[in-house]
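Contents: one structure, followed by commentary.
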Amino acid sequence: MDKSELWVFGYGSLVWHPGFDHEEAVIATLSGYHRSFCMRSIHHRGTDDHPGLVLALDEGDATCQGIAFRVTPGTEAPTMAALRERELVSSAYLEKTLTLTLKDGREVTAVTYVIDPEHVQYCHLELEEQAQIIATAVGGRGPNTDYLFNTADHLTELGIHDPELSWLATRVREIAPNAT
């Protein structure tokens with residue numbers, strides 16, 4: 001791997017809306033973390049009065065599949081500036097550089113946003129409670145349901161199986177049948 005390459009790991013909204021130019025997008029696996037709706041969203045998918053939930057990587061004995069994006073050379077600085085504005089809006093995420101294994105066997109280090117378990121927005125909720133929150137929350141980037149459905153649908157299209165996300169998508173469609 002060229003040390004000057006910038007890779008970014010997407011496991012939630014970055015999968016379907018990276019927001020930056022990239023030369024390559026490859027399915028990748030991160031060890032030691034799992035994808036979870038463990039972050040209360042008070043900006044993008046909820047408000048202070050009615051927080052939504054967004055995905056974060058929670059450390060543990062697990063793995064998470066997502067997409068590794070190789071950023072277009074020459075756009076590294078603006079890409080990092082945009083990512084930091086988007087992902088570090090409330091400092092609930094920690095920016096880490098972690099090793100990923102790409103589907104083709106390559107190993108790369110990638111900028112990855114993981115939850116800060118000491119942050120006030122960190123939470124652990126049962127799936128039913130998550131579904132109830134996601135079904136009704138709306139924030140600056142739109143309904144929490146859009147976030148869930150877009151992520152679940154894109155992961156399915158990529159062949160990435162996430163049983164909790166699939167269950168949540170099905171349950172939220174039951175609770176809020178008119179949600180898109």
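In what follows, residues are counted from 1 in the order of the sequence shown. All values reported here derive from a predicted model rather than from experimental measurement.
Considering only heavy atoms from C-beta on, Y33 comes within 4.5 Å of L98 through its side chain. At least one side-chain heavy atom of L14 sits less than 4.5 Å from a side-chain heavy atom of L83. Contact annotation: the side chain of D21 never approaches that of T79 to less than 4.5 Å [non-hydrogen atoms, C-beta and beyond]. Counting only heavy atoms from C-beta outward, the side chains of F149 and N144 never approach each other to under 4.5 Å. At least one side-chain heavy atom of L55 sits less than 4.5 Å from a side-chain heavy atom of L165. The shortest side-chain heavy-atom distance between C123 and L53 falls under the 4.5 Å cut-off. Contact of the R35 side chain with the D162 side chain is registered, since non-hydrogen atoms from C-beta on lie closer than 4.5 Å. Residues I67 and V26 are not in side-chain contact: their nearest non-hydrogen atoms beyond the backbone lie 4.5 Å or more apart.
Rounded to the nearest 0.5 Å, atoms CG (L125) and CD (Q130) are 5.5 Å apart. To the nearest 0.5 Å, atom NE2 of residue H17 and atom OG1 of residue T151 are 11.5 Å apart. With values rounded to the nearest 0.5 angstrom, R45 atom CZ is found 12.0 Å from M39 atom CE. In this structure, the separation between NE2 on H44 and CD1 on I42 is 10.0 Å, given to the nearest 0.5 Å. In this structure, the separation between CH2 on W16 and CG on L155 is 11.0 Å, given to the nearest 0.5 Å. A distance of 11.0 Å separates CG of L57 from CG of L94, quoted to the nearest 0.5 Å.
I133 and I175 fall into different hydrophobic clusters, where Ile, Leu, Val, Met, Phe, Trp and Tyr residues are linked whenever their side-chain heavy atoms come under 4.5 Å apart, directly or through other members. One hydrophobic cluster holds both L30 and L158 under the rule that ILVMFWY side chains link at heavy-atom gaps under 4.5 Å. No continuous path of hydrophobic side-chain contacts links L88 to V120 [ILVMFWY only; heavy atoms under 4.5 Å]. By the rule that hydrophobic residues join a cluster once side-chain heavy atoms approach within less than 4.5 Å of another member, V89 and M80 end up as members of separate clusters.
Considering every non-hydrogen atom in both Q121 and S90, the closest pair reads OE1-OG, 2.7 Å. Nearest approach of A28 to F9, heavy atoms of both residues: O-CE1, 3.9 Å. Of all non-hydrogen atoms in A56 and C38, the two that sit nearest each other are CB-SG, 3.8 Å. Minimum interatomic distance between L100 and A110 (heavy atoms only, all atoms of both residues): CD1-CB, 3.5 Å. Pairing each heavy atom of A152 with each of A169, the nearest pair is CB-CB, 4.1 Å. Here the closest non-hydrogen pair linking S41 and V54 is CB-CG1, 3.8 Å.
Between the side chains of T136 and H50, at least one donor N or O lies within less than 3.5 Å of an accepting N or O. Checking T72 against E23 by side-chain atom types alone, a donor-acceptor pair falls below 3.5 Å. Side-chain contact, Q132 with E128: a donor N or O sits under 3.5 Å from an acceptor N or O. Side-chain atoms of W7 and T109 form no donor-acceptor pair, as typed in the model, at a separation below 3.5 Å.
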Decide side chain to side chain contact (heavy atoms under 4.5 Å, CB included) for L102 and V108; before the verdict, give the C-alpha distance in whole Å, the side-chain angles of both, and the deciding distance to 0.1 Å.
CA-CA 7 Å; L102 305 184; V108 300; 3.9 Å; yes
Trace of the side chain to side chain contact (heavy atoms under 4.5 Å, CB included) decision for L127 with L168
CA-CA 7 Å; L127 287 175; L168 280 168; 4.0 Å; yes
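E164 and R171 are not joined by a salt bridge, as no carboxylate oxygen comes within less than 4.0 angstrom of a charged side-chain nitrogen. A salt bridge links D153 with R173: the closest approach of a Lys/Arg side-chain nitrogen to an acidic carboxylate oxygen falls below 4.0 angstrom.
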Side chains of residues 58-66: which donor-acceptor pairs under 3.5 Å do they make with residues two or more places apart or in other chains?
unit_1 : atom_1 : unit_2 : atom_2 : d
D58    : OD1    : Y122   : OH     : 3.1
D58    : OD2    : Y122   : OH     : 2.9
D58    : OD2    : H124   : NE2    : 3.1

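Here the side chain of D146 pairs no donor or acceptor atom with the backbone of G142 at under 3.5 angstrom.
Taking a 6.0 Å sphere around CD of E174, one finds it holds more than 12 heavy atoms contributed by other residues, nucleotides or ligands. In the displayed structure, E85 atom CD is contacted under 6.0 Å by at most 12 heavy atoms of other residues, nucleotides or ligands.
Pairs of residues two or more places apart, or lying in two chains, that qualify as ring pair (Phe, Tyr, Trp, His ring centres under 6.0 Å) and include a residue from residues 65-110 are F20-F69, H22-F69.
When each of E95, R86, K96, R84 is checked for a side-chain hydrogen bond (donor to acceptor under 3.5 Å, both in side chains) with Y113, only E95 meets the rule.
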